[in-house]
*Asks:* 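Here you go, one structure.
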Amino acid sequence: MAKKREISVRRESPRSEKKVGAAVIIGTSLEWFDFYLYASMAALVFGKVFFPSANSSASTLAAFSTFAVGFLARPFGGILFGILGDRIGRKAVLSISLLIMGIASGLIGLVPSYAAIGVAAPALLIILRILQGFGASAELGSAITVAYEHADEKTRGRYGAYPVMGAQIGLLAASLAVAAVTSLDDEALYTWGWRVPFIASFAIVIVGYWIRRAMPESEEFEKVATEARQRKGFQVLRDLVRGNWRGLVVVAAVYGGYSALSYTFKTFSLSYLTEFQGVAKNVGALGVTFASIAAIIACPLIGRLSDRVDTRKVMIGAAIGVALMAFPAFWLFDTGRSPLIWGVMVVTTGVLAPMIMVAASPYMARQFPTEVRASGIGTGREVSGAAAGGLAPILALTMVTMSPSHSTWGVSLLIIGCAVLVAVGGLFDQSRRVTRDATAPSEVPEALEPQRR
């Protein structure tokens, strides 16, 4: 008679929780430090350094295009590293992603300018940006998986806050770095100032790799590790697509909507404020700094709220809040007043966006069984993130540039559409189906039971 598959999850000891929390936070901090740093420099610096042109808007669009190129690599990395996470373990993949991401980011700071080596400069930038995106593709999905599997039913919201806290710490560090270097005079900024934060990634990699080596593998994965290592990559992908396509759609909707609205506020708004409103470069960067501080404070509180309230309600409520802010945000941006700009950034990217992601972390993880959880989150997140997060800032900038009056109505409608997408994803929870399949008489795919062939 076939046995039921039952996976019990232990409650982590305080010491183990600290190791998991530190390992998750350090990696996601590096990912978002490097990615936000690149996005900010693409908006403020790279156009002049790597794509010089008489038309500043054209230069900025070219720089934003390299930002989008990093997203093109992420679906491939998300699928590959997701499969590896479900075959060799979450811990190994987290270490690999950290190394690729950090080394590529550090090397970006060493690329000569267009004035020094001509077209080779943007070519090198694009190559390193692709590697950066490839490494980053494994990070957040794997971190969400690790946090979910080390928690129990009563602490998954709290653990789910760790990846988002790491992202906000990275954003804070990057925004402080951007604020510092943009406070330099133009000559210093464009020659050496922008390079310093990228080169600092080398040091973060060393510390992060040491911390991650001490992190324990999740017990939930260890229970299926023997069977998992016997599977081939195509078998993992086949099991994911055939048996869990609904979960993929849910993750794609939630993360795609979140990614697009998040990057629109965090990257497009910087360019909009400087290019179209004449606001000083460091005003937007300081706004992101204040928002990151608010988010670091808010994330643990949101995590505990998610342990008491259905994560779907938290996520959908935050999405509604973002939709309500879509038009007022740009009305306040258009005043050019720093306190109002900072207030908008705190509300949108410091409270509402983190609220979506903290609640979404355990919500996305529970859409899949252990055997395909890393590949499910990685594939769903990266495919949707590449399409939405990479193109949203370019689409927003294009709409404003082509508008005779530089209207932001289209951008506001774009943000509302993204918020609706998050809410729709929250209405189609597949966790009951996953739980039912896991406790039903064994219908494990043949790939997991080769002895039955």
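Any value given below was found using the heavy atoms of this structure, including those in side chains, with hydrogens, waters and symmetry copies removed.
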*Asks:* With sequence neighbours excluded, give me every side-chain hydrogen bond (donor to acceptor under 3.5 Å, both in side chains) pair touching residues 111-131.
*Replies:* Arg129-Gln132
*Asks:* Does a side-chain heavy-atom distance below 4.5 Å link Ser269 with Met345?
*Replies:* yes
*Asks:* Enter the distance from Ile211:CD1 to Ile206:CD1 here, rounded to the nearest 0.5 Å.
*Replies:* 12.5 Å
*Asks:* For Tyr255, is there any backbone N or O sitting under 3.5 Å from a side-chain donor or acceptor partner on Ser259?
*Replies:* no
*Asks:* Can you check whether Leu391 reaches Leu395 side chain to side chain, under 4.5 Å on heavy atoms?
*Replies:* no
*Asks:* Would Leu110 and Leu107 satisfy side-chain contact (heavy atoms from CB on, under 4.5 Å), going step by step from the backbone distance to the final call?
*Replies:* CA-CA 5 Å; Leu110 302 177; Leu107 290 175; 4.1 Å; yes
*Asks:* Give the C-alpha distance, both sets of side-chain angles, the deciding distance and a yes or no for side-chain contact (heavy atoms from CB on, under 4.5 Å) between Ile117 and Leu124.
*Replies:* CA-CA 10 Å; Ile117 60 173; Leu124 286 172; 4.1 Å; yes
*Asks:* Just by distance, do the side chain of Lys266 and the backbone of Thr349 share a donor-acceptor pair under 3.5 Å?
*Replies:* no
*Asks:* Looking only at heavy atoms, which two atoms of Leu131 and Ala104 are closest? And how far apart?
*Replies:* CB-CB, 3.9 Å
*Asks:* When you measure from the side chain of Ser384 to the backbone N and O of Arg381, does any donor-acceptor pair fall under 3.5 Å?
*Replies:* yes
*Asks:* Looking only at heavy atoms, which two atoms of Ala326 and Ile416 are closest? And how far apart?
*Replies:* CB-CG1, 3.5 Å
*Asks:* Step by step, would you call Thr155 with His150 a side-chain contact (heavy atoms from CB on, under 4.5 Å)?
*Replies:* CA-CA 9 Å; Thr155 61; His150 278 278; over 6 Å; no
*Asks:* Over all heavy atoms of both residues, which pair between Met325 and Leu352 is shortest? Give the atoms and the distance, please.
*Replies:* CG-CD1, 4.2 Å
*Asks:* Roughly how far, to the nearest 0.5 Å, is OG of Ser407 from CG of Asp334?
*Replies:* 9.0 Å
*Asks:* Looking only at side chains, do Thr66 and Tyr38 share a donor and an acceptor under 3.5 Å apart?
*Replies:* yes
*Asks:* Checking Tyr148 against Ile377 for the side-chain contact (heavy atoms from CB on, under 4.5 Å) test, could you report, in this order, the C-alpha distance in whole Å, the side-chain angles of both residues, the deciding distance, and whether it holds?
*Replies:* CA-CA 12 Å; Tyr148 183 84; Ile377 297 175; over 6 Å; no
*Asks:* Donor-acceptor check, side chain of Arg158 to backbone of Gly303, threshold 3.5 angstrom: yes or no?
*Replies:* no
*Asks:* What's the separation between atom CG in Leu99 and atom CG in Leu94, rounded to the nearest 0.5 Å?
*Replies:* 11.0 Å
*Asks:* With a 4.5 Å limit on heavy-atom distance, are the side chains of Ser306 and Ile302 in contact?
*Replies:* yes
*Asks:* In the structure I gave you, are the side-chain heavy atoms of Val49 and Met41 within less than 4.5 Å of one another anywhere?
*Replies:* no
*Asks:* Closer than 3.5 angstrom, by distance alone: can the side chain of Thr335 be matched with the main-chain N or O of Trp331 as a donor-acceptor pair?
*Replies:* no
*Asks:* Distance check, rounded to the nearest 0.5 Å: Ile83 atom CD1 versus Thr379 atom OG1?
*Replies:* 6.5 Å
*Asks:* When rounded to the nearest 0.5 angstrom, what distance separates CD1 in Ile96 from CZ in Phe81?
*Replies:* 6.0 Å
*Asks:* Quick one: ring-ring contact (aromatic ring centres under 6.0 Å, His included) partners of Phe202, sequence neighbours excluded?
*Replies:* none
*Asks:* For a quick test of your reading: what N or O donor-acceptor pairs under 3.5 Å do the side chains of residues 311-319 make, sequence neighbours left out?
*Replies:*
| residue | atom | partner | partner atom | Å |
| --- | --- | --- | --- | --- |
| Thr311 | OG1 | Arg366 | NH1 | 3.2 |
| Arg312 | NH1 | Gly426 | O | 3.3 |

*Asks:* Does atom CZ of Arg195 have more than 12 heavy-atom neighbours, drawn from other residues, nucleotides or ligands, at distances under 6.0 Å?
*Replies:* yes
*Asks:* If I compare all heavy atoms of Leu189 with all of Val181, which pair ends up nearest, and what's the gap?
*Replies:* CD1-O, 3.4 Å
*Asks:* Please examine the side chains of Ile108 and Leu125, heavy atoms only from C-beta on, and report whether any two atoms are closer than 4.5 Å.
*Replies:* yes
*Asks:* Using side-chain heavy atoms (C-beta onward) and a distance below 4.5 Å, is Ile293 in contact with Ile297?
*Replies:* yes
*Asks:* Restricting to non-hydrogen atoms, name the atom on Val422 and the atom on Val254 that form the minimum distance, rounded to 0.1 Å.
*Replies:* CG2-O, 3.5 Å
*Asks:* Compare all side-chain heavy atoms of Leu340 with those of Val344 and state whether any distance is below 4.5 angstrom.
*Replies:* no
*Asks:* Under the side-chain hydrogen bond (donor to acceptor under 3.5 Å, both in side chains) definition, can you give me all pairs with a residue in residues 199-212, not counting sequence neighbours?
*Replies:* Asp34-Ser201, Glu139-Arg212, Tyr209-Arg213
*Asks:* For Tyr363, what residues pass the ring-ring contact (aromatic ring centres under 6.0 Å, His included) criterion, not counting sequence neighbours?
*Replies:* none
*Asks:* Closer than 3.5 angstrom, by distance alone: can the side chain of Arg373 be matched with the main-chain N or O of Phe368 as a donor-acceptor pair?
*Replies:* yes
*Asks:* Flag the pair Leu237 / Ser375 as yes when at least one side-chain heavy-atom distance between them is below 4.5 Å, and no otherwise.
*Replies:* no
*Asks:* Do you know which two heavy atoms are closest between Gly135 and Ser97, and how far apart they sit?
*Replies:* O-CB, 3.4 Å
*Asks:* For Tyr272, check ring-ring contact (aromatic ring centres under 6.0 Å, His included) against everything at least two apart and list the hits.
*Replies:* Phe268, Phe276, Phe330
*Asks:* I'd like to know if the side chain of Trp342 and the backbone of Val283 have a donor-acceptor N/O pair within less than 3.5 Å.
*Replies:* yes
*Asks:* Please verify the inter-ring angle class for Phe198 with Trp194; under 30° counts as parallel, over 60° as perpendicular, anything in between as tilted.
*Replies:* perpendicular
*Asks:* Any sub-3.5 Å donor-acceptor pair from Ser403's side-chain atoms to Met399's backbone N or O?
*Replies:* no
*Asks:* Hey, what do you get for CG (Leu172) to CZ (Phe290), rounding to the nearest 0.5 Å?
*Replies:* 10.5 Å
*Asks:* Give a yes or no answer on whether the side chain of Ser137 reaches the backbone of Pro75 with a donor-acceptor pair at less than 3.5 Å.
*Replies:* no
